[in-house]
Protein chains: 2
Amino acid sequence: MTDDDRVFKALADPTRRFLLDLLFMRDGRTLTELESELEMSRFGAMKHLRVLEEANLVVTRRSGREKLHFLNPVPIREIHDRWIDKYTELHTTALLELKAELEDES
Amino acid sequence: MTDDDRVFKALADPTRRFLLDLLFMRDGRTLTELESELEMSRFGAMKHLRVLEEANLVVTRRSGREKLHFLNPVPIREIHDRWIDKYTELHTTALLELKAELEDES
DNA sequence: TTGACATGTGACCATTTGGTCACCTATCGT
DNA sequence: ACGATAGGTGACCAAATGGTCACATGTCAA
């Protein structure tokens with residue numbers, strides 16, 4: 001399994017994306033705190049966090065019996081750079097802004 | 001299935017990422033041309049292209065009996081914007097440049 | 001030191017996914 | 001018209017994935 005395979009497989013699950021959303025809002029949470037936000041057992045949450053950690057999307061630090069989780073944005077940025085050409089980036093941004101405007105109006 | 005679920009599931013497979021790489025290099029290819037680059041049957045390739053199209057990562061245009069495929073960068077950009085904070089973006093870019101330098105040296 | 005708490009492991013099962021095939025429709029060039 | 005070419009559908013099977021549980025380890029606080 002390659003590095004980028006791990007990243008994309010990790011992002012493929014909605015629960016794991018939700019965990020990243022939680023950490024994007026506030027970093028440094030424990031497993032127990034994150035698990036309380038999910039609709040599944042602690043074991044399910046732990047399995048998902050492990051996948052995120054192996055993909056390097058989440059980095060952790062131990063503090064006594066607690067394990068703190070932090071979001072790492074680097075792999076996300078690498079996805080962007082893989083398929084967004086520097087020269088078309090401005091164009092893509094303009095399209096996104098147009099889309100946002102249209103959705104605001106509707 | 002939500003829009004972003006389709007996008008991430010589509011990106012989860014290495015063959016589909018390779019198809020995006022091919023289209024990133026050169027747009028407007030037919031199914032037959034893309035299939036010739038893969039190690040699988042035409043049906044496999046077609047199934048993958050269909051998934052990419054339903055995720056809006058690839059858009060198509062018919063021309064006679066041929067179907068031309070184009071890369072659409074918008075969903076990729078949306079992934080980036082979901083977890084990369086405008087304020088930390090510069091920092092992340094710096095980290096990536098550092099990483100690239102280290103890999104060049106090794 | 002003892003009980004409660006935070007985290008970790010391996011086995012297990014239901015569902016989803018990747019890939020192939022037989023067969024079909026539509027369009028091109030002669 | 002007709003063979004060759006480009007693309008499309010539904011069924012099918014092996015392998016991977018999401019989730020749970022019984023059980024285990026390490027750490028805190030009184």
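Note that the structure is predicted; figures quoted are calculated from it, not measured. Within every chain, numbering begins at 1; the chains are lettered A, B, ... in the order of the sequence lines, protein sequences first and strands thereafter. Heavy atoms only: backbone and side chains are in, while hydrogens, waters and symmetry mates are out.
One interatomic measurement links the two molecules: CG of B/Leu31 to P of D/dG8, which rounds to 7 Å at whole-angstrom precision. When rounded to the nearest whole Å, the span between CD of B/Glu66 and C1' of D/dG8 equals 16 Å. Atom-to-atom, CZ of B/Arg50 to C1' of D/dG7 comes out at 12 Å; the value is rounded to the nearest Å. Rounded to whole angstrom, the span from the CE atom of B/Met46 across to the C1' atom of C/dT25 amounts to 12 Å. One interatomic measurement links the two molecules: CZ of A/Phe8 to C1' of D/dT17, which rounds to 19 Å at whole-angstrom precision. Rounding to whole angstrom units, CZ of residue A/Arg6 and P of D/dT17 are separated by 12 Å. Nucleotide D/dG7 holds its C1' atom 12 Å from the CD atom of B/Glu53, rounded to whole Å. The distance from atom CD of B/Glu39 to atom P of C/dG18 is 18 Å, rounded to the nearest whole Å.
At a cut-off of 3.5 angstrom, the base of C/dT7 holds no donor-acceptor pair with the side chain of A/Arg65. In terms of polar N and O atoms assigned as donor or acceptor, the side chain of B/Arg42 comes within less than 3.5 Å of the base of D/dG8 in a complementary pairing.
Within the 4.0 angstrom heavy-atom criterion, base atoms lie near B/Gly44.
Each of B/Lys47 and B/Phe43 lies near DNA chain C, and the nucleotide nearest B/Lys47 is the one positioned closer to the 5' end. Between A/Ala45 and A/Lys9, the residue anchored closer to the 5' end of DNA chain D is A/Lys9, taking for each the nucleotide with the nearest heavy atom.
Distances shorter than 4.0 Å separate some side-chain N or O of B/Thr32 from OP1 or OP2 on D/dG7. For C/dG8, the OP1/OP2 oxygens have a side-chain nitrogen or oxygen of A/Arg62 closer than 4.0 Å. Contact annotation: A/Lys67 reaches the phosphate of C/dG8 (side-chain N/O to OP1 or OP2, under 4.0 Å). OP1 and OP2 of C/dA6 both lie 4.0 Å or more from every side-chain N or O belonging to A/Thr30. Between A/Ser41 and D/dT20 there is a side-chain polar atom (N or O) within less than 4.0 angstrom of OP1 or OP2. Applying the 4.0 Å criterion to OP1 and OP2 of D/dT17, one finds that A/His48 has every side-chain N and O outside that range.
Remark: side-chain polar atoms of A/Asn72 are not paired, donor with acceptor, to backbone N or O of A/Leu57 under 3.5 angstrom. Under the 3.5 Å distance criterion, the side-chain polar atoms of A/Arg29 are left unmatched by any main-chain donor or acceptor of A/Leu34. No side-chain donor-acceptor contact under 3.5 Å links B/Ser63 to the backbone of B/Glu66. Put simply, the side chain of B/Arg17 gets close to the backbone of B/Leu11: a donor and an acceptor are under 3.5 Å apart.
Side-chain contact between B/Glu53 and B/Val59 is absent, with no heavy-atom pair separated by less than 4.5 Å.
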